[in-house]
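This report concerns only the one structure given below.
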Amino acid sequence: MEKESVWELVLHKTKKATNAETWGNEVISILVHNNHSSPLSLPSLELTHLLLSSSLFHSPLSWKLLDKALSLNLISPFLLIALLSKRHDLFPSRHLHPPSYTLYMHLLNRYLFSPSQQHLLSLIHSPHYHMVMNSIDDVLHLSHNEAEAEPGVVLVQFLFSILSQLLEATLHDEGLLHHHHHHHHMDHMNHIDHMDMDTNNNNNNITEEKEEKDDNKTENTEESHRANTAMAIEIIAHFLQNKITSTILSLLHRNMPSKWGSFIQQLQILASKSLVLRNLKHITPEALLLSTQNIISHESRPPKSKLDFNGLIAAGQSYGDPCSSLWLPFDIILEEAMAPGQVSAFSAADILAGIISFNISEGNAMCFHVMDTIFLLLKSLLLIYIVIIAGLVKSLRAVNGSTWHSAFLALWVAALRLVLRGRDSNEAPFCIDTRLCMLLCITALAVTKVIDEEEGELIEEAEHSCTSQRRDKQRRREMVTSLQLLGDYECLLAPPQSVVLEANQAAAKAIMFLSGNPVCNINDLPMKCSGNLRHLIVEACIARNLLDTSAYTWPGYVNACSNQIPCSISSQVAGWSSLMKGSQLTPELVNVLVSTPASSLAEIEKIYEIAIKGSDEEKIYAATILCGSSLVRGWNVQEHTVLFIIKLLSPTVPPNYSGTESHLISQAPLLNVLLVGISSSDCIHIFSLHGLVPLLAGGLMLICEVFGSCVSDASQTLATGEELSYHEVFSNAFTLLLRFWRFDLPTHEHLRRDGGPPFGSLICPEYLLTVRNCKLESFGRSAKDKLKIKRLSKIISFSKESVFMHSFPKLNFWYRQHQECIASIRSGLVPGGPVHQIVDALLNIMYRKINKGAEPLTPMPLGSSSSSGSDMDDDTLVKLKVPAWDILKVIPFVLDASLTACAHGRLSTRQLATGLKALADFLPASLVTIASYFSAEVTRGVWKPAFMNGTDWPSPAANLSLVEQQIKKILAATGVDVPSLVIDGDSPATLPLPLAAFVSLTITYKLDKASERLLKLISPAMSALASSCPWPCMPIVTSLWVQKVKRWSSYLVFLTSGTVFHHNRDAVVQLLRSCFTSTLGLGSASASIYNNSGVSALLGHGFGCKIPGGVSPVAPGILYLKVYRSIGDTSFLTEEILSILMLSVRDIASNELPKAKGDVKKTKHGMKNGQVSLARSMQHVKHAALLGASLLWVSGGPKLVQSLMKETLPSWFLSTNMLELDGGESGVLVAMLRGYALAYFAILSGTFAWGIDHSFICSKRRAKVLSRHVKFLASILDKEISLRCHSATWRAYVTGFVSLMVACTPLWVPEVDADILKRLSNGLIRLNEYDLAFRLLEIGRIGVMGAAAEMIIELEHTF
């Protein structure tokens, strides 16, 4: 029989049916027995559609026929429900036909809420599952894209559509649904209420006739309406409270939040205003709303593992202890940020808070031609300078499972320890000011960013949320708690001697506030009101609106009585207050303002306005004030001060400016004061910590371009009568700019195998400009930026116009030529040309005291300029009346001639050093080329060695042996033994000739403030050059400098000790092992982490405390943070750190786990002794993994983490030499601990490299690396790859890794390909890890939502 004939016959039988039993037998006969050739499969979707199209729908027989068809499995119950919900004569006519609506709801109860959910289970196992769900999708139009069309996803949306339809109908029935506020959930519901109204209007006459005929029937109908409303509410409650449907609804809440928000808004109306709900006995409004909270809270529950991973790791844990080694990464990153000479493109606060986020335009990407891809550029940003705290705040809080106040408290404590480690150091540039900047400004800004992130999200939620519910500002509240608890750490709060006055002022401010006194003389305060570092921290937070003055009332915050406080006014306060009252800047007032930091943004703005609008003299005063204490110690306004300085160094062209020369020329005095004022190491470090180096570099490049184009005799006369040469302005700007990247190396040498630069260096000027353009372009887009803008000054702004290297043609030409010079041999100098004339003139300046008859230094005739003294000077001055760029261009030729003459004996070594100093004095900018040239010449290896014998060159003999001994003591104290360090005392000390000349030049400088910025420019190049030369070149250089600066001897020797690791890879491994043993307490009881001394054992208590022998003790962590930059190729560190971690786990297990079974006594907490040992061991294993992840991230950033995930871990699991042969119960436990250690190691490394959310730049790379690693896990679970490690290790790793990823980094999961997630989930099910498998899918977003829903139904007994 043809299919059309079959359906016609069925329809005919249906219309003629009088008995459901008979009808059922007839339909079966038609569908089965009369279609022998191709019997129709049951249940039949066509029959379901056919029955619902019948005009007999509201007759009593129609429901009997449907019930019979369902009992005989002729039709699909779920398609039937979808068709019924879509019918215009069911919901819209529920008032006319209450029984139909009642029967519909009974149908829902039967098939959705049966005791064992067998109908839903039968559905997903049915061979017709896909067809049924496709038909439902066609009927209700649920899916809008391919991902939503998966049957499981359609099932979730189908159940929600039923729920939301019942809720809307219920609200409408009680008159609670206001049409002008109505928001529909599903597309198929868009006109339901209007249809209801139309139907009622069309049937109005019929209804009136019925009411006139039978009032009793009306009363019965109303009763039916109320009963139906009550039943609908009960079904809604079933949806929300049933374990299966509520868990399915949690999927929709997570993946389709907009639909859930509208639903909750309507449910709140029902709970607050429904009379029917209030009269129900078993359902209350509170219970109804609580069920929705349970659905939401279901998502945040930790995953359960058969191995009880979370339970064991929580046992005996001390997450709230800020001194615990669980917060060790804070200390490591903070200390790493203090490395001298490190320059970062991003602020420490940004990296700490984990919220660096910007986009790169195509134009910016095009200008950066050094890197292959823009990703490699961005990835390297974080490799440059892993500054401070917390992306770590978020990452460590997540992994440690701690509260926000514990994380903030740990951060404050780590920053206080940073200050403590530097407070007594007087050896070298180990300045306390930078450490105080980190504590009182950068850390406060990092906390601000973490709080802004939450409050920015709250703003966005308020703008888009349909509900009136608002989340609490949890992070701000818990930050306040952390500062209250900080008062318990008195041993860390004592201020360094240099800031005792500031701490007392902060305490006095609180006392004055409480007493009502406006101001007082700090020096007259009683001793009892002495302040500490917490007072300064609180003031820093108040200045940034993190706190208000209610902090002054905290118990124990101040301890002086108000009647003890005098009311005289201090000169410090009077200085700024008099300025704000309109006093003119006088030399006396300027001195006060320079030495006293501003306390408010308004004061800094006042100085800036003077610098813009004041007289020439006032502008100089204002620039001097900005670069004084307000920059270095104005912790409450420092972020504003640095911006104002940058703005002054980047002046815009005045309106209607018509001059022929640059607008910068007239501002030369102001610019020069600023350039000199910020040139100290501390100031550069401050700009770096604030992440403003790229913005500063843009202004410096323009200054260099303009003033480098001026001739040498161009100048201005200052008010003091002094002459300011434009070449001086150029040199100050140029030498400052060149401190921002390693100018002494070719660009290609900065790149590693995968495109990362050496740690702690910026690659090139293009790099700086690209970062600058990106930061300016993207700033202000997010809600977090809007909060930040509110705190910034309104009187300055920066142009968002992008600038590129070709915007500075002279600088760009010099840079390209400079790179060519240090990368290849120069071409010969053409005699008689303009370049030769400048070379000739420079040589005459350098060596004018040499006898007139001496042979020329250049290999070609120098012309008449070498004939007479006085004429030579005049001629030289004429030849050098050229732009500074032209002079820099010829410096390599001058250096080549000088070095050649010295090598051939035509120039003594003393004359060479004196001449180089004369050249640097004439144009300090030439030091850049001098450093680069000598570095390049040593690399070429064409020069004979210089004998440092005290005759030709200075001798290191007086200190060389002592330096060697001190280096060995430093290494021995950290557990490093390198026998090859012995220096043969009989062999003459030698250096490559260019290096000898370079060192001789540096030691000619006096150690004054003027020379400091020049030495800071070239000393990194000299140190890197000496370190790269064979041993003992670096000790020789150090010995020469120790002779010059004996008070820095310990620090110089400490720096020199790092050279050992440049030449010896085994020494690096020994140092890493020492870091683990000291931190974990595996080497000595005194350093035991069990006594919370892990941080102290790793990083020590400072630098500068003497021990017998005259050398400063150095903790292994401090030494490693210095020396890892000396390691050429860091790729081997991944395997080494992993190997040391595994050895540490073995040692932990041997110390902690019971050697024999012994007694099975329980502790007072109910845990067996063996369980306590295992839990304690797992805690220490986590500490070891945390240390390993921190060292890996510091050493190589995302590059090494990527290598760990893609190569090292897979190789470890598959390598035959990693087979673990330990037997017995202890062997299994050790194997399990190794697996957990690896899981923590991998997750922690990933969080440090990529962050836990999408705010880190490197998070863009995370998805690819993570997908590859998860695919590896899935392949092993699918038995596609064979393991070679202990099965307990593997199981612990995979369950631990997935548990941590689900619980701590849930935003990672959706980044993994959906098919890979499904494979991994299925593999976990085979390990009987049902809950973990489901939680993985639950947070995997819409791509796996269908699979998660099906798992809920299939494994309902687990949930």
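Hydrogens, waters and symmetry mates are skipped; everything else that's a heavy atom, side chains included, is used.
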Would you say Val1181 and Leu1141 make side-chain contact, with heavy atoms under 4.5 Å?
no
Do you know which two heavy atoms are closest between His1286 and Ala1231, and how far apart they sit?
CG-CB, 3.6 Å
Non-hydrogen atoms of Met479 and Phe408 that approach each other most closely:
CA-CD1, 3.7 Å
Between the main-chain N or O of Phe1076 and the side-chain N or O of Thr1079, is there a donor-acceptor pair closer than 3.5 Å?
no
Interatomic distance, CG@Leu1244 vs CG@Leu1186, rounded to 0.5 Å, equals 5.5 Å
Point-to-point distance, once rounded to the nearest 0.5 Å, from OG of Ser1275 to CD1 of Ile1281:
4.5 Å
Pairwise side-chain contact, Asp331 with Leu418, heavy-atom cut-off 4.5 Å (strictly under):
no
Between Asn1151 (side chain only) and Asp1147 (backbone N and O only), is there a donor and an acceptor less than 3.5 Å apart?
yes
CG of Leu486 to CG of Leu492: how many Å apart, nearest 0.5 Å?
8.0 Å
For the side chain of Asn400 and the backbone of Leu326, is there at least one donor-acceptor N/O pair under 3.5 Å apart?
yes
More than 12 heavy atoms of other groups within 6.0 Å of Glu1135 CD:
no
Quick one: do Trp404 and Val450 satisfy side-chain contact (heavy atoms from CB on, under 4.5 Å)? Show the steps, please.
CA-CA 10 Å; Trp404 280 107; Val450 174; 3.6 Å; yes
Under the ring pair (Phe, Tyr, Trp, His ring centres under 6.0 Å) rule, collect the residues that match up with Trp412, sequence neighbours excluded.
none
Tell me if a side-chain donor or acceptor on Arg1262 pairs with a main-chain N or O of Asp1253 at a distance below 3.5 Å.
yes
Going by an N to O cut-off under 4.0 Å, is there a salt bridge joining Glu1207 and Arg1268?
no
Can you confirm whether Lys1271 is buried at NZ, in the sense that more than 12 heavy atoms of other residues, nucleotides or ligands lie under 6.0 Å from that atom?
no
Measuring only between side-chain heavy atoms, which start at C-beta, is Leu409 closer than 4.5 Å to Tyr489?
yes
Using a 4.5 Å cut-off on heavy atoms from C-beta on, say whether the side chain of Phe1213 contacts that of Phe1272.
yes
Check for a donor-acceptor pair, side chain of Thr974 on one end and backbone N or O of Pro1116 on the other, with a separation under 3.5 Å.
no
side-chain contact (heavy atoms from CB on, under 4.5 Å) evaluation trace for Ile1127 with His1062:
CA-CA 5 Å; Ile1127 304 170; His1062 180 82; over 6 Å; no
At their closest point, which heavy atom of Ser395 faces which heavy atom of Thr1247, and how far apart are they?
OG-O, 3.6 Å
Salt bridge (charged side-chain N to carboxylate O under 4.0 Å, His left out) evaluation trace for Arg1291 with Glu1329
CA-CA 11 Å; Arg1291 175 160 186 156; Glu1329 296 286 352; 3.3 Å; yes
Is the backbone of Met1205 close enough, under 3.5 Å, to the side chain of His1269 for a donor and an acceptor to pair up by distance?
yes
Gap between atom CG of Leu411 and atom CG of Leu392 - 0.5 Å precision
9.0 Å
Contacts of Arg1073 that satisfy salt bridge (charged side-chain N to carboxylate O under 4.0 Å, His left out) - sequence neighbours left out:
none
Sub-4.5 Å side-chain heavy-atom contact between Val1123 and Val1068:
no
Measure the shortest side-chain to side-chain distance between Trp1290 and Leu1277 over non-hydrogen atoms and say whether it is less than 4.5 angstrom.
yes
Please report the closest heavy-atom contact between Ser1267 and Ile1316, naming both atoms and the distance.
O-CD1, 3.9 Å
Aromatic plane relationship, Trp327 with Phe330 - under 30° parallel, 30 to 60° tilted, over 60° perpendicular:
parallel
CA sep, side-chain torsions, deciding dist, call: Tyr1120, Phe1061, ring pair (Phe, Tyr, Trp, His ring centres under 6.0 Å):
CA-CA 9 Å; Tyr1120 184 79; Phe1061 302 90; 8.2 Å; no
Report yes or no: does His1180 contribute a side-chain atom to a donor-acceptor pair with the main-chain N or O of Arg1176 at less than 3.5 Å?
yes
With heavy-atom distances below 4.5 Å as the criterion, would you say the side chains of Arg1319 and Glu1280 are in contact?
yes
Can you list everything that forms a salt bridge (charged side-chain N to carboxylate O under 4.0 Å, His left out) with Arg1326? Sequence neighbours excluded, please.
Asp1278
Roughly how far apart are Leu1233 CG and Thr1289 OG1, rounded to 0.5 Å?
9.0 Å
Does the structure place the NZ or CZ of Arg1065 under 6.0 Å from the centre of the six-membered ring of Phe1132, at an angle of no more than 45° from the ring's axis?
yes
Between Glu336 and Leu1121, is there a donor-acceptor pair closer than 3.5 Å when you use the side chain of the first and the backbone of the second?
no
Stepwise side-chain contact (heavy atoms from CB on, under 4.5 Å) test for Val1265 and Val1201:
CA-CA 9 Å; Val1265 178; Val1201 176; over 6 Å; no
Check: Ser406/Thr403 side-chain N/O donor and acceptor closer than 3.5 Å:
yes
Heavy-atom closest pair (Ala1274 atom, Leu1320 atom, distance to 0.1 Å) is CB-N, 3.9 Å
What's the verdict on salt bridge (charged side-chain N to carboxylate O under 4.0 Å, His left out) for Glu335 and Arg417, showing C-alpha distance, side-chain angles and the deciding distance?
CA-CA 10 Å; Glu335 190 62 55; Arg417 281 196 294 247; over 6 Å; no
Where the side chain of Glu454 meets the backbone of Arg475, is there a donor-acceptor pair that is under 3.5 Å apart?
yes
I'd like to know if the side chain of Ser1203 and the backbone of Lys1199 have a donor-acceptor N/O pair within less than 3.5 Å.
no
Apply side-chain contact (heavy atoms from CB on, under 4.5 Å) to residues Ile1118 and Lys1122 and explain how you reach the verdict.
CA-CA 7 Å; Ile1118 293 290; Lys1122 165 63 181 73; 6.0 Å; no
How many angstroms lie between atom CD1 of Ile332 and atom OG of Ser1190, to the nearest 0.5 angstrom?
4.0 Å
In terms of relative ring orientation, are Trp1250 and Trp1308 parallel, tilted or perpendicular, with 30° and 60° separating the classes?
perpendicular
How close do Ala1115 and Ala1097 get, heavy atom to heavy atom, and via which atoms?
CB-O, 4.1 Å
Are Met1301 and Leu1307 close enough that some pair of their side-chain heavy atoms sits under 4.5 Å apart?
no
